[in-house]
*Asks:* 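Submitted below is the structure of interest, expressed as structure tokens.
Lettering follows sequence order; numbering is per chain, from 1. Because the structure is predicted, anything quoted here is derived from the model rather than measured.
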Protein chains: 2
Amino acid sequence: MISKKCLYALKAVLALARHQGAGPMTIQQIADAQEIPARFLEAILRDLKQNGFTESIRGKEGGYILARPARDIRMGDIISSLEGPWYAPGPETDVFASIWEEADRALTEVVNQVDFQSLLKREDKLRFSHTPDYSI
Amino acid sequence: MISKKCLYALKAVLALARHQGAGPMTIQQIADAQEIPARFLEAILRDLKQNGFTESIRGKEGGYILARPARDIRMGDIISSLEGPWYAPGPETDVFASIWEEADRALTEVVNQVDFQSLLKREDKLRFSHTPDYSI
DNA sequence: CACTATCCCTATTGATTTAGTAGAGATTGT
DNA sequence: ACAATCTCTACTAAATCAATAGGGATAGTG
């Protein structure tokens, strides 16, 4: 099962992507926007920073920004940096090994095809289709 | 990460597939063949039975057999019966939901293409290619 | 019938991971 | 100096995982 930590990280990066160009976002802002426990998010953002996805500005007026354009960050990048590999590539060469590898490739291919720019677009479309239309 | 329980289950079914037609295999035999803790395997085989993959014969001369031909049992069947879904299909329709679904499909497709008859074949080939050849 | 090898069921345990929380420190703009 | 921010280490409660334990039920055999 995909961990909450990873889900939170994805949401946080999405929030930062949406905010890109508008200065840094504080942990609290991200936490509020995405309903993530702030103290937990703090640790997650530190991880993301260590992995080169975000940069931080300290002190007053500080916060987090994306280290590169949303277009250049893929879901798969975030996931694989936070989750360990989902199967153990042990030294034993049993029958299953090659299948785990193939499954891993299939999974990776899907999440690597989605960058955060396209996620923003997807989100916009979703919002559009879910917003009730009260006009007459 | 794929659980040991699931790995053990796959190995157990593989052992039963190899033994098919030769009467029931005891828990202990399977445990020995696949290096699985016998008491743990016991619980796993009960699960497999409940899910319709194996049948058991009680009493002396008893043991486990596959409930259907190896050809008709796929890796994916075993996995999805033992592991919960690897992502939580919640009611929230966020941007990620459709991607998790796609990833799930990709994964399922891989493991559903492999049945235990073909695993036996693969294993034979592996053995062949790994057996040192001492002839001169 | 007694015996023994087997599966069957419930409960318990120890280790690890997950999902946070707490408290104090360092940095920066005003 | 002050306040708002990030930074770091440590701690904890709950859940899950990987078994283990102790009987019970069943069936073949002499």
Side-chain angles (χ1 to χ4, degrees), chain A residues 1-12 15-16 19 22-67 79 82-88 90, chain B residues 1-12 15-16 19 22-67 79 82-88 90:
Chain A
M1 183 76 109
I2 186 95
S3 71
K4 291 215 168 185
K5 180 176 179 179
C6 192
L7 253 15
Y8 289 159
L10 293 168
K11 286 185 172 188
L16 288 174
H19 201 254
M25 247 183 132
T26 68
I27 294 174
Q28 195 57 55
Q29 284 175 323
I30 302 173
D32 291 345
Q34 302 287 343
E35 303 186 79
I36 304 170
R39 272 339 264 285
F40 194 20
L41 178 59
E42 187 187 310
I44 292 167
L45 284 167
R46 227 179 318 127
D47 274 2
L48 287 171
K49 183 188 176 184
Q50 296 236 325
N51 287 302
F53 298 113
T54 60
E55 283 171 12
S56 63
I57 296 110
R58 300 178 66 160
K60 221 179 169 187
E61 307 291 284
Y64 278 90
I65 56 174
L66 289 188
I79 294 171
L82 294 181
E83 304 267 25
W86 74 278
Y87 81 99
Chain B
M1 182 76 109
I2 186 97
S3 70
K4 291 217 170 184
K5 180 176 178 178
C6 192
L7 252 17
Y8 289 160
L10 292 168
K11 286 185 171 187
L16 288 173
H19 201 255
M25 248 184 130
T26 69
I27 294 173
Q28 196 57 54
Q29 284 176 322
I30 303 172
D32 290 346
Q34 302 287 344
E35 302 185 78
I36 304 171
R39 271 340 261 285
F40 194 19
L41 178 59
E42 187 185 312
I44 292 167
L45 285 167
R46 229 180 318 127
D47 273 2
L48 287 172
K49 183 188 175 184
Q50 295 235 323
N51 287 304
F53 298 113
T54 59
E55 284 170 13
S56 63
I57 295 108
R58 301 179 67 159
K60 222 178 168 186
E61 307 291 284
Y64 278 89
I65 56 174
L66 289 187
I79 294 170
L82 293 181
E83 303 268 23
W86 75 278
Y87 81 99

*Asks:* Closer than 4.0 Å, any side-chain N/O of B:K49 to the OP1 or OP2 of C:dC8?
*Replies:*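 Yes, within the criterion.
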*Asks:* Taking atom C1' of D:dT5 as reference, at what distance in whole Å does atom CG of A:L45 sit?
*Replies:*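 It works out to 13 Å between those atoms.
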*Asks:* Considering non-hydrogen atoms only, spot the tightest contact between A:P24 and A:I57 and give its length.
*Replies:*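 Here A:P24 and A:I57 meet closest at CB-CD1, 3.9 Å.
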*Asks:* As a test of reading the structure: which of C:dG20, D:dT7, C:dG29 is closest to the side chain of A:P37, going by heavy atoms?
*Replies:*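 Minimum distance to the A:P37 side chain belongs to C:dG20.
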*Asks:* Atom CG of A:D32 to atom P of D:dT5: distance rounded to whole Å?
*Replies:*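 Distance check: A:D32 CG to D:dT5 P gives 11 Å.
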*Asks:* Find the distance between CG (B:L41) and CD1 (B:I36) and round it off to the nearest 0.5 Å.
*Replies:*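 Separation between the atoms: 5.0 Å.
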*Asks:* Please check if the side chain of B:Q29 supplies one atom and the backbone of B:T26 the other of a donor-acceptor pair under 3.5 Å.
*Replies:*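 Yes.
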*Asks:* Respond yes when some side-chain nitrogen or oxygen of B:Y8 is under 4.0 Å from OP1 or OP2 of D:dA19, and no when none is.
*Replies:*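 Yes, within the criterion.
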*Asks:* Between B:R39 and A:R58, which is nearer to the 5' end of DNA chain C once each is assigned its nearest nucleotide?
*Replies:*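 This one resolves to B:R39.
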*Asks:* So, the side chain of B:T54 versus the backbone of B:K49: is there a donor-acceptor pair under 3.5 Å, distance only?
*Replies:*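 Yes; judged by distance alone, with no hydrogens or angles, the pair exists.
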*Asks:* Atom CG of B:L82 to atom C1' of D:dC17: distance rounded to whole Å?
*Replies:*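 After rounding, the reported distance stands at 14 Å.
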*Asks:* Base, sugar-phosphate or nothing for B:I27? Non-hydrogen atoms, less than 4.0 Å.
*Replies:*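 Sugar-phosphate, no base atom in range.
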*Asks:* Go nucleotide by nucleotide along DNA chain C from the 5' end; which of A:I57 and B:T26 gets its closest nucleotide reached first?
*Replies:*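 Looking at the nearest nucleotide for each, B:T26 comes out on the 5' side.
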*Asks:* Do B:Q28 side-chain atoms and B:A38 backbone N/O form a donor-acceptor pair below 3.5 Å?
*Replies:*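 No; zero donor-acceptor contacts below 3.5 Å.
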*Asks:* Is there a side-chain polar atom (N or O) of A:Y64 under 4.0 Å from OP1 or OP2 of D:dT5?
*Replies:*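 Indeed not, no polar side-chain atom of A:Y64 lies that close.
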*Asks:* Counting side-chain heavy atoms from C-beta on, which of C:dC8, D:dC6, C:dA19 comes nearest to A:S56?
*Replies:*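 Among C:dC8, D:dC6, C:dA19, the one nearest the side chain of A:S56 is D:dC6.
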*Asks:* Please tell me which of the listed nucleotides, C:dG29, D:dA19, D:dC6, lies nearest to the side chain of B:F40?
*Replies:*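 Within the option list, the nearest is D:dA19.
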*Asks:* Could you check how far CD of A:E55 sits from C1' of D:dT5, rounded to whole Å?
*Replies:*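 Result: 17 Å.
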*Asks:* Taking atom C1' of D:dC2 as reference, at what distance in whole Å does atom NZ of A:K60 sit?
*Replies:*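 A:K60 atom NZ is separated from D:dC2 atom C1' by 8 Å.
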*Asks:* So, under a plain 3.5 Å distance rule, would you say the side chain of B:E42 forms a donor-acceptor pair with the base of C:dC9?
*Replies:*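 Looking at the base of C:dC9, it does pair with a donor or acceptor on the side chain of B:E42 (distance under 3.5 Å).
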*Asks:* Which whole-number value in Å describes the distance from A:L41 CG to D:dT7 C1'?
*Replies:*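 It is 14 Å, rounded to the nearest whole Å.
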*Asks:* Between C:dA19 atom P and A:Q34 atom CD, what is the distance in whole Å?
*Replies:*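 About 17 Å, once rounded to whole Å.
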*Asks:* CD of A:E83 versus C1' of C:dA19: gap in Å, rounded?
*Replies:*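 Rounded to the whole Å, the gap is 13 Å.
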